[in-house]
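Right, one structure below, let's go through it.
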Protein chains: 2
Amino acid sequence: MQTPPLPRPSDNPRHQQVHEAVRALVREQGVQISMDAVAARAGCSKQTLYARYGSKQALLLQVLSDDGNNRATLAGTPDAATLRPRLAAFARDHLARLSQPDTIGTARLVTAQATQFPDEVRALFDTCVGGLQERLAHWLQQAMRRGLLRHDDPHFAAELLLGMIVGLDFDRQRFMFPHRDTAAQQADWADFAVDSFLRAFAPPASRA
Amino acid sequence: MQTPPLPRPSDNPRHQQVHEAVRALVREQGVQISMDAVAARAGCSKQTLYARYGSKQALLLQVLSDDGNNRATLAGTPDAATLRPRLAAFARDHLARLSQPDTIGTARLVTAQATQFPDEVRALFDTCVGGLQERLAHWLQQAMRRGLLRHDDPHFAAELLLGMIVGLDFDRQRFMFPHRDTAAQQADWADFAVDSFLRAFAPPASRA
DNA sequence: GTCTATAGCCAGATAGAC
DNA sequence: GTCTATCTGGCTATAGAC
């Protein structure tokens, strides 16, 4: 009973080659990519792409689905000693992932397709951002129950914290504006955001 | 010495008709709009558009520049009594403008063109979002100097507050996800964000 | 100035040989 | 399965009549 072949498309090296070609083109050329360019970059012909993926849309959606699983996580359970460093590490992780060129390229591409394929785009957002918010909310709820944070709606608190962490920086990237691209800059902002959040959500008892 | 004709393109009703056609198409069809569609919607021919605007890009940029001037403002100077309500009003105003269909359509279109026309897109972001952040930072700085808020970098504070106000809602709109589209929902979130911000930036003296 | 008609091009998808 | 070559449609931009 060894592991079966498990022919997941993401494991096939030929598929990875095509995916990487799409990502590179999206990074460099933005949302306007042609199947000719993908084929040339991947070193195959258009017909091969169509035989495998059926259409341009199907190919793009498969690449985007793969990219969506690249999200920060919060491990462990919060306690008084780890609350702040865990949140700070999460914030830095999140900012680092958002500043990857693939992430901003993917965001541009998905945004451009939102009107034409609302259902698929909605599903992508739900699994990526929605899942992130949900995990963060769960973690914050644990902290609230342990008296480490003031009691409030954990879902709201998670959205607020994510907004604080991102600030305007992801929009700066979207719009080609200079943004915080060094780890030091991101760490400074992450600490600023987390410190502000912890002040806003300090439990009332901590004032005594 | 009456007012001169002042032939600003935005005042010309024919231009407004074309602009409205572009906006309607962007709302409905997203980033993929053709000059044929614009001409049909505006009730003129393609050649008229090219004679007036020269190219598709020039037309789009002119429409986008017009839309960029639709931003919330903060009037007056802050004092202890008006600090919270002024910020809450600003937050509601900002959220209301962001949820307008034209705003999200414009954001999608600009994002899609960022890679091809980085300079123009950068300039748009600078005047719109950058100007908004700057005005907010100036207002917050006044509040800090009067002891209404803790002393901190007003530019950072402004970005943080804008991130809190927007949260994830503008991304929800971008990605066709259900968002806070009623005034009541937006007011609830605006109050939540502003209250959290004021707790995080309360001056240390207020604890006495 | 505004229209109809068209040139020229590019991209998505397919046909058919190997 | 993969390639070369091609079809087809739509799009930007222009030409020329009125």
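As the structure is a prediction and not an experimental result, all values here were calculated from the model. Letters A, B, ... mirror the listed sequences (proteins, then strands); counts begin at 1.
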Which donor-acceptor pairs under 3.5 Å do the side chains of residues 151-159 of chain A make with protein atoms, sequence neighbours left out?
from: H151(A); atom 1: NE2; to: M144(A); atom 2: O; distance (Å): 3.3
from: D153(A); atom 1: OD1; to: H155(A); atom 2: N; distance (Å): 2.7
from: D153(A); atom 1: OD1; to: F156(A); atom 2: N; distance (Å): 3.0
from: E159(A); atom 1: OE1; to: R172(B); atom 2: NH2; distance (Å): 2.7
from: E159(A); atom 1: OE2; to: L168(B); atom 2: N; distance (Å): 3.0
from: E159(A); atom 1: OE2; to: R172(B); atom 2: NH1; distance (Å): 3.4
from: E159(A); atom 1: OE2; to: R180(B); atom 2: NH2; distance (Å): 2.5

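- Note on D126(A) versus R122(A): no salt bridge recorded, every NZ/NE/NH1/NH2 to OD/OE distance being 4.0 Å or above.
- Residue pairs that meet the ring pair (Phe, Tyr, Trp, His ring centres under 6.0 Å) test with at least one member in residues 24-68 of chain A, sequence neighbours left out, are H15(A)-Y53(A).
- First and last contacts of DNA chain D with chain B, using any nucleotide atom under 4.0 Å from a protein heavy atom and ordered 5' to 3', fall at dC11(D) to dA15(D).
- Between F192(A) and W189(A), the angle of the ring planes lies from 30° to 60°, which puts this pair in the tilted group.
- Listed by first and then second residue, the ring pair (Phe, Tyr, Trp, His ring centres under 6.0 Å) pairs involving residues 100-131 of chain A are F125(A)-F175(B), F125(A)-F177(B) (not counting sequence neighbours).
- Computed from coordinates, the D36(A) CG to dA13(C) P distance equals 11 Å when rounded to whole Å.
- Of the two residues near DNA chain C, G43(B) and I33(A), the one whose nearest nucleotide lies more 5' is G43(B).
- Between the CG atom of L25(A) and the P atom of dA11(C) there is a distance of 12 Å, rounded to whole Å.
- With sequence neighbours excluded, the residues that form a salt bridge (charged side-chain N to carboxylate O under 4.0 Å, His left out) with R27(B) are E20(B), D102(B).
- If you check residues 44-59 of chain B against DNA chain D, the residues with a heavy atom closer than 4.0 Å are K46(B), Q47(B), Y50(B), S55(B), K56(B), listed by number.
- The pair D171(A)-R174(B) meets the salt-bridge criterion, since a charged nitrogen lies less than 4.0 angstrom from a carboxylate oxygen.
- We find that D67(A) and R23(A) are joined by a salt bridge, their nearest charged nitrogen and carboxylate oxygen being less than 4.0 Å apart.
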